[in-house]
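Worksheet for the structure shown next.
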Amino acid sequence: MEIPSKFDAKGIESKWYSYWQKNNFFKSSPDEREPYTIVIPPPNVTGILHMGHMLNNSLQDIIVRRARMRDFNACWVPGTDHASIATEAKVVAKLKSEGIEKSDLTREEFLKHAWDWTEEYGGVILEQLKKLGCSCDWDRTKFTLDPEMTASVLQVFEQLHNDGLIYRGYRMVNWDPEAQTTLSDEEVLYEEKNGNLYHIVYPVVDSDERVIIATTRPETLLGDTAICIHPEDERYTHLKGKKVSVPLTNRTIPIIEDDYVAMDFGTGCLKVTPAHDQNDKLLGEKHQLEVINIFNPDGSLNENGGSYENLDRFKARKIIVKDLEAQQLLVKTEPHRHKVGVSERTKAVIEPRLLDQWFLKMEELARPAIDGVLNSKDIELLPEKFKNTYRHWMENIRDWNISRQLWWGQRIPAYYYGKGKDDYVVALDEVKALEKARSKSGNASLTMDNLRQDEDVLDTWFSSWLWPISVFDGIRYPENEEIQYYYPTQDLVTGPDILFFWVARMIMSGYAFRDEKPFSKVYLTGLVRDKKGRKMSKQLGNSPDALKLIKDYGADAVRVGLMLSSAAGNDLLFDETLCQQGKNFANKIWNAYRLIEGWEIKEDLQAPNVASEALEWYESHFEKTLAWVDENFEKYRISDALMSIYKLVWEDFCSWLLELIKPEYGEPIDRQSYNKVIALFEKNLRILHPFMPFLTEEIWHYIADRKPEEALTIAAWPKVHTYDKKCISDFELAQQIIGGIRNFRKEKNISPKEQISLYLNSKPANFNYESAIVKLGGVSEMYYSIPPKDLAGGSFRINNLEFFIPTNAVEDPKEEKEKLISELKYTKGFLASVEKKLSNDRFVSNAPEKVIELERKKAADANEKIILLLKNLESL
RNA sequence: GGGUGUUUAGCUCAGUUGGUUUAGAGCGCUACCUUGACAGGGUAGAGGUCGGGGGUUCGAAUCCCUCAACACCCACCA
């Protein structure tokens with residue numbers, strides 16, 4: 001069969017992916033083997049594959065595939081996240097483009113749209129993962145809004161509420177006026193913005209005096225309920241107990257004192273707006289101030305805004321500033337650069353707002369999660385540097401606001417039956433709620449009509465924090481066979497940006513609901529950045545199209561490209577040329593096979609020495625490399641593992657082994673060498689497979705006609721055997737000598753085709769692999785003797801061996817001399833540094849024996865070499 | 001403002017508890033090679049006073065101090 005000279009990934013990827021699926025290689029169910037479980041960090045259901053997904057899912061696939069080959073029961077659970085804010089924002093935007101406002105829809109109508117959207121786009125990202133080669137058990141695909149997932153979430157809510165950990169609180173929350181929802185602190189971004197510091201006059205009541213206050217938000221003066229000064233601020237002490245009138249209103253407010261005020265900022269005098277600022281709220285509580293809310297949910301002013309009612313907050317600000325100016329109550333406007341909180345999703349400026357919210361107490365939940373990661377090492381966090389960040393966050397953990405004013409998500413299972421603060425019950429459904437409400441209120445005549453379910457939904461993370469448990473339905477059925485078998489999972493691979501949102505909370509939920517860690521190891525990948533070091537994001541448009549990369553280079557090449565540059569936990573500067581490198585590598589492997597496949601085999605031919613020696617060396621070298629690869633895998637140094645395989649295949653297998661066993665053009669190869677080289681090539685394919693599943697499976701089936709049960713995907717990962725270390729070091733010497741000959745040829749302009757003679761004074765003990773030197777060095781005659789005196793030629797040295805090659809090309813003894821002198825200079829310098837150490841008494845008395853011995857050997861070798869070089873110089 | 005981390009070849013990074021030659025890899029670069037696996041290739045080579053300064057030590061890229069640049073996280077003084 002004719003094999004094309006260039007490897008083309010396009011034709012084979014879907015072929016092998018469906019082959020794997022058809023044969024159920026990715027399916028897992030509990031059996032007698034040891035499980036190896038990974039739950040996928042569920043991507044947003046409406047998301048599309050970006051570089052971050054490519055990186056962390058490639059990593060997971062590599063780990064899972066290797067585990068599968070090592071005869072673990074590998075189970076990679078896929079799924080998607082409903083991502084309430086992100087998805088709802090997308091649906092709202094889509095409806096808007098169709099002329100539909102969310103506010104015109106009922107909850108049910110809106111959810112219908114959202115589900116339609118989910119059904120249309122929800123499978124896309126999972127299909128994209130298949131293109132990348134991800135070996136997930138697709139029959140297990142979960143979605144965080146699946147009925148059984150929702151049931152688990154509600155059950156957990158009820159349980160935590162019963163335990164008194166969930167409570168309602170009137171809290172200052174981050175309000176997004178555009179999405180009209182609260183945001184968690186993590187969803188607020190702070191941006192440096194140019195603003196103004198407005199100096200506003202507050203006239204003191206019954207006095208001619210005026211107090212000047214600096215603020216960045218003049219419109220909030222409508223909600224001011226006090227002015228605050230520092231008790232020791234002499235500029236203002238005489239105003240104690242007085243009142244001021246609020247400009248543009250007819251209200252008067254007290255002057256209070258608190259050392260919270262910074263005397264050196266602004267005018268040292270602070271306006272207090274308890275309804276719209278966290279710190280002001282605390283001040284207000286302390287001094288029992290009135291709370292005046294001046295905003296509507298959409299950020300416009302409400303009835304407390306007086307004549308400014310219904311104006312948008314920013315419009316109101318402008319007008320208020322103008323009005324203040326007109327009344328000469330604005331004394332100064334100075335530019336002020338400060339950070340403003342904006343919504344991560346909508347970019348709207350956050351408005352702090354007091355609202356009834358649901359909170360989860362975290363301190364108690366955090367305790368075992370702190371211990372498990374930091375003390376008992378029950379969970380390993382890689383790389384370790386994230387432990388500090390983890391500790392810092394966990395030890396200062398704050399209660400979690402779990403309610404969101406959205407529709408897309410699990411609706412909070414709280415039902416109100418009366419007007420009182422505690423007139424509500426938490427129940428899994430309406431029927432149970434009614435029952436509970438009747439008994440709690442003592443009113444048996446309550447009906448469904450009296451019940452009103454809370455309007456809010458739960459934070460998305462409140463469902464994903466249960467992910468490793470709920471995908472196996474371990475919340476509802478804690479004793480089920482699957483959760484018992486697969487939990488705890490092995491590895492979690494994700495980005496450091498969600499260490500707190502998600503990872504820490506999963507750890508807490510694992511200990512809380514199963515009394516056991518959710519995973520043994522957390523592997524945090526770096527963020528993918530572009531060449532300029534910027535984080536890849538849709539906004540910047542600097543993220544390459546993941547699917548286009550796969551199309552252009554092939555999935556294997558993209559995987560290799562990503563892995564080559566991703567040291568654990570370090571950010572990864574992604575450059576498309578890495579994919580080209582991966583593609584070149586795929587082609588190299590492809591052509592290595594093409595070479596072997598093209599050989600004619602002759603059955604009764606004796607294997608030449610050069611081939612059997614080289615094969616023997618590669619066998620040992622493979623074992624040594626494999627041991628190193630395994631070690632790197634254990635440490636999650638996937639990049640290093642790949643690099644050593646890359647070099648093994650490209651350099652050792654292709655450039656050394658194949659070149660050595662390659663028969664002369666047109667000549668056949670013996671059966672024994674052929675079988676061995678094929679067997680070794682197959683071993684290469686096995687360890688390459690987790691990285692490059694498509695290419696390797698393709699070649700695997702080219703090599704032989706194989707049944708599905710012999711597929712590479714389920715073949716065994718090789719076990720490390722003992723190997724011959726001497727054989728490796730002897731071959732290394734031969735490699736150096738061949739390098740020396742090649743260098744000599746280059747310097748003397750001797751064509752690689754021209755055969756040479758090689759002289760070596762005498763044959764040293766470890767001088768094996770002569771056949772390799774002869775073949776790759778282009779040596780026709782090898783002499784173990786001193787070359788005849790009058791023979792023209794040149795010399796070079798490897799370690800302390802001196803080689804001589806006769807050639808007429810050497811015309812320039814001056815050049816030869818210079819070379820010797822520079823070699824001598826280097827060696828002398830080196831010897832001097834070694835002798836300096838050895839002549840230092842303190843070194844000799846303090847350093848370990850082994851180190852000293854080593855230095856002595858260095859000195860002896862250097863001396864020997866100097867003698868050799870001097871002799872050469874003399875003879876010139 | 002508080003914290004964590006990074007700084008080694010043109011680029012991206014290793015360097016495993018301080019001691020194996022006077023620091024390594026991949027890519028890139030330079031020169032030469034190419035009808036016979038692969039130019040998506042081969043061979044050889046050049047390239048770094050390990051961010052600056054100070055200290056500990058017989059010995060420092062590695063430990064300590066200090067300065068600088070950069071990155072990220074946490075808090076949010078109106």
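Keep in mind that the numbers below use all heavy atoms, side chains included, and drop hydrogens, waters and symmetry copies.
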Determine, for nucleotides 41-49 of chain B in 5'-to-3' order, which nucleotides have protein heavy atoms under 4.0 Å from the base (write B), from only the sugar-phosphate (write S), or from neither (write -). SSSSS----

ring-ring contact (aromatic ring centres under 6.0 Å, His included) with [X]: which residues, sequence neighbours excluded?
X	result
Tyr674(A)	none
Tyr553(A)	none
Tyr236(A)	none

Ignoring the backbone of Val851(A), work out which of A37(B), A78(B), G19(B) is nearest its side chain.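 Of the candidates, G19(B) comes closest.
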
Of all the nucleotides listed (G26(B), U22(B), G19(B)), which has the minimum atom distance to the side chain of Lys858(A)?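 Side chain of Lys858(A) sits closest to U22(B).
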
In chain order, what residues pass the side-chain contact (heavy atoms from CB on, under 4.5 Å) check against Gln755(A), with sequence neighbours excluded?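 In terms of side-chain contact (heavy atoms from CB on, under 4.5 Å), with neighbours along the sequence ignored, Gln755(A) is linked to Ser780(A).
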
Taking salt bridge (charged side-chain N to carboxylate O under 4.0 Å, His left out) as the test, write out the residues that go with [X], two or more places apart.
X	value
Asp259(A)	none
Asp552(A)	Lys548(A)
Glu864(A)	none
Asp280(A)	none

With Asp233(A), which residues qualify under side-chain hydrogen bond (donor to acceptor under 3.5 Å, both in side chains), at least two apart?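 Checked Asp233(A) against side-chain hydrogen bond (donor to acceptor under 3.5 Å, both in side chains); matches are Arg235(A).
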
How is the base pairing of RNA chain B summarised as a dot-bracket string, given the Watson-Crick and G-U wobble criteria with both distances under 3.5 Å, [ ] for crossing and | for another strand? (((((((..((((.....[....)))).(((((.......))))).....(((((..]....))))))))))))....

Taking the C1' atom in each of G5(B) and A78(B), what is the distance between them to the nearest angstrom?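 Approximately 33 Å lies between the C1' atom of G5(B) and that of A78(B).
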
Is the ring centre of Phe500(A) less than 6.0 Å from the ring centre of Trp400(A)?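 That pair fails the under 6.0 Å test.
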
Taking only N/O atoms, report every protein-nucleotides 55-57 of chain B pair under 3.5 Å with atom names and distance.
none

